[in-house]
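This one's a predicted model, so the numbers in the text were calculated from it and none came from an experiment. The basis for the numbers below is simple: all heavy atoms, side chains too, and nothing from hydrogens, waters or symmetry mates. When a ligand or atom number is given, it counts from 1 through the structure's own listing order.
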Amino acid sequence: MRIIQDENYAALSCRTAEIILAAVREKPDCVLGLATGSTPIGAYDCLAEAYREGRATFRHVRTVNLDEYAGLGADDPQSYRYFMEKHLFSRINVQRENTHIPNGLAENPALECRRYDALCEALGGIDLQLLGIGKNGHIGFNEPARALDVHTHTVTLAESTRLANSRNFKSLDDVPRSALTLGMGGIMRAKRILLLASGEQKREALQKAVSGKVDPEVPASFLQLHPDVTVICDFDLNCAEL
Ligand code: GLP
């Protein structure tokens, strides 16, 4: 693992965007694994700016998002499809048909999960996967558990995750209880991974992820087994082992 501790959120965002832009320049039709949450918003702003300034084109890029809330559709401002449109897709020239997010309204979620795994495979796998980290160590919506799922699956959200994410909803009751998420296999098969963490409240989770035991109760700790992970944080990680 390569660990970069940046000065602040702006630097983290800019560095993240530059890494993504370099990947797109090197392989114009690369497959980007994208994440939602507050953490990547700054990087998405930098990508939009690069496009606006004519420094980048996303015409041939394909994207696959990590997860989506069950029961929320593209028109719902709380859905991750809506989030991606707002923060990135509507601001760059990615082709809509090349953007993929699990369908939270699928009548048969199990089938939708299988479709999503098949799609990732058909795209040739993820070249660069962007990840945030939950305070409980989750990645995507792979929540701490006694065992982790390999494939895309429906997950019951941890109450701590619902509480953390309730800041974007009118009330805690409005936060969906389940979501569809890429499994650990889908994430670990990405050729390269960028794990972002912003704010001191993520320090403990990140410390466990990078230097704790590989433990399904800290899903991000499995990233220690991946051959090409870059961690970018904007605080002093303060890990004795590093
Ligand atoms: C959410 C998302 C994750 C995200 C994480 C952290 O629940 N499913 O993909 O990385 O929680 O979110 P934030 O960046 O807002 O702290």
Side-chain angles (χ1 to χ4, degrees), residues 6 8-10 12-13 16-17 20 32-46 63-72 76-84 86-88 100-104 113 116 120 126 128-145 148-149 152-169 172 174-184 186-188 190 193-210 218-223 229-235:
D6 266 323
N8 51 39
Y9 181 66
L12 168 150
S13 300
T16 303
I20 295 171
L32 298 177
L34 298 178
T36 49
S38 316
T39 312
I41 291 178
Y44 294 157
D45 288 343
C46 296
T63 70
V64 285
N65 263 78
L66 281 166
D67 44 18
E68 179 59 281
Y69 288 114
L72 301 194
D76 193 312
Q78 311 305 340
S79 75
Y80 284 164
R81 165 58 78 176
Y82 193 99
F83 174 103
M84 290 309 300
K86 175 175 167 191
H87 291 289
L88 186 65
H100 306 283
I101 301 183
N103 178 8
C113 291
Y116 207 65
C120 291
I126 296 166
L128 180 61
Q129 176 67 58
L130 197 58
L131 291 176
I133 183 169
K135 265 163 69 177
N136 64 2
H138 75 219
I139 47 178
F141 270 136
N142 291 276
E143 296 282 27
L148 298 173
D149 281 83
T152 299
H153 58 285
T154 300
V155 60
T156 300
L157 298 176
E159 277 312 295
S160 62
T161 299
R162 293 186 63 243
L163 196 60
N165 291 5
S166 65
R167 67 187 192 277
N168 301 316
F169 289 79
L172 180 58
D174 289 332
V175 185
R177 297 186 180 275
S178 58
L180 279 67
T181 183
L182 203 66
M184 292 300 291
I187 294 172
M188 293 295 282
I193 294 177
L194 271 185
L195 173 64
L196 309 182
S198 174
E200 311 271 329
Q201 76 281 3
K202 295 289 176 71
R203 180 183 285 122
E204 197 183 329
L206 193 62
Q207 283 173 339
K208 287 186 187 162
V210 306
V218 185
S221 65
F222 278 74
L223 299 174
V229 176
T230 301
V231 176
I232 310 178
C233 60
D234 60 2
F235 49 84

Undergrad: Please confirm whether the backbone N or O of P176 pairs with a side-chain atom of R162, one donor and one acceptor, at under 3.5 Å?
TA: yes
Undergrad: Strictly under 4.0 Å, does any heavy atom of K202 approach an atom of ligand 1?
TA: yes
Undergrad: Around atom NZ of K202, are there more than 12 heavy atoms from other residues, nucleotides or ligands closer than 6.0 Å?
TA: yes
Undergrad: What protein heavy atom sits nearest atom 5 (C) of ligand 1, and how far away is it?
TA: H138 NE2, 3.4 Å
Undergrad: So which heavy atom in the protein is nearest atom 6 (C) of ligand 1, and how far is it from that ligand atom?
TA: I133 O, 3.6 Å
Undergrad: Hey, which atoms in ligand 1 end up nearer than 4.0 Å to a heavy atom of T39?
TA: 13 (P), 14 (O), 16 (O)
Undergrad: Provide the closest heavy-atom pair for V229 versus L223 in the form atom of the first, atom of the second, distance.
TA: CG2-O, 3.6 Å
Undergrad: Backbone or side chain, does any N or O of T161 fall under 3.5 Å from an N or O of ligand 1?
TA: no
Undergrad: Nearest to atom 3 (C) of ligand 1 by heavy atom, G37, G140, A179, P40: which?
TA: G140
Undergrad: If you compare all heavy atoms of M188 against all heavy atoms of F222, which two are closest, and at what distance to 0.1 Å?
TA: CE-O, 3.1 Å
Undergrad: For ligand 1, note which part of A35 has a heavy atom under 4.0 Å away: side chain, backbone, both or neither.
TA: neither
Undergrad: Taking 4.0 angstrom as the limit and counting only heavy atoms of N165, give me the atoms of ligand 1 inside it, by number and element.
TA: 1 (C), 7 (O)
Undergrad: For ligand 1, which atoms, with element, lie under 4.0 Å from some heavy atom of Y80?
TA: 1 (C), 2 (C), 7 (O), 8 (N)
Undergrad: Any side-chain heavy atom of Y82 sitting closer than 4.5 Å to one from D76?
TA: no
Undergrad: By number and element, which atoms of ligand 1 are closer than 4.0 Å to a non-hydrogen atom of F141?
TA: 7 (O), 8 (N)
Undergrad: Please say whether L131 places an N or O atom under 3.5 Å from an N or O atom belonging to ligand 1.
TA: no
Undergrad: Please state which option from L130, D67, L182 has its nearest heavy atom closest to atom 8 (N) of ligand 1.
TA: D67
Undergrad: Consider ligand 1: state whether an atom of it lies below 4.0 angstrom from any non-hydrogen atom of E68.
TA: no
Undergrad: Students should be able to answer this: which protein heavy-atom is nearest to atom 4 (C) of ligand 1, and at what distance?
TA: T36 O, 3.9 Å
Undergrad: Should the pair F141 and Y80 be assigned to parallel (<30°), tilted (30 to 60°) or perpendicular (>60°) ring geometry?
TA: parallel
Undergrad: Check for a donor-acceptor pair, side chain of Q78 on one end and backbone N or O of V175 on the other, with a separation under 3.5 Å.
TA: no
Undergrad: Between N65 and R81, is any pair of side-chain heavy atoms under 4.5 Å apart?
TA: no
Undergrad: Kindly compute the distance separating CG (L131) from NE2 (H138), expressed to the nearest 0.5 Å.
TA: 10.0 Å
Undergrad: Side chain to side chain contact (heavy atoms under 4.5 Å, CB included) for K208 and S221? Distances and angles first, verdict last.
TA: CA-CA 7 Å; K208 287 186 187 162; S221 65; over 6 Å; no
Undergrad: Would you mind running through ligand 1 and noting each atom that sits below 4.0 Å from a heavy atom of G132?
TA: 10 (O)
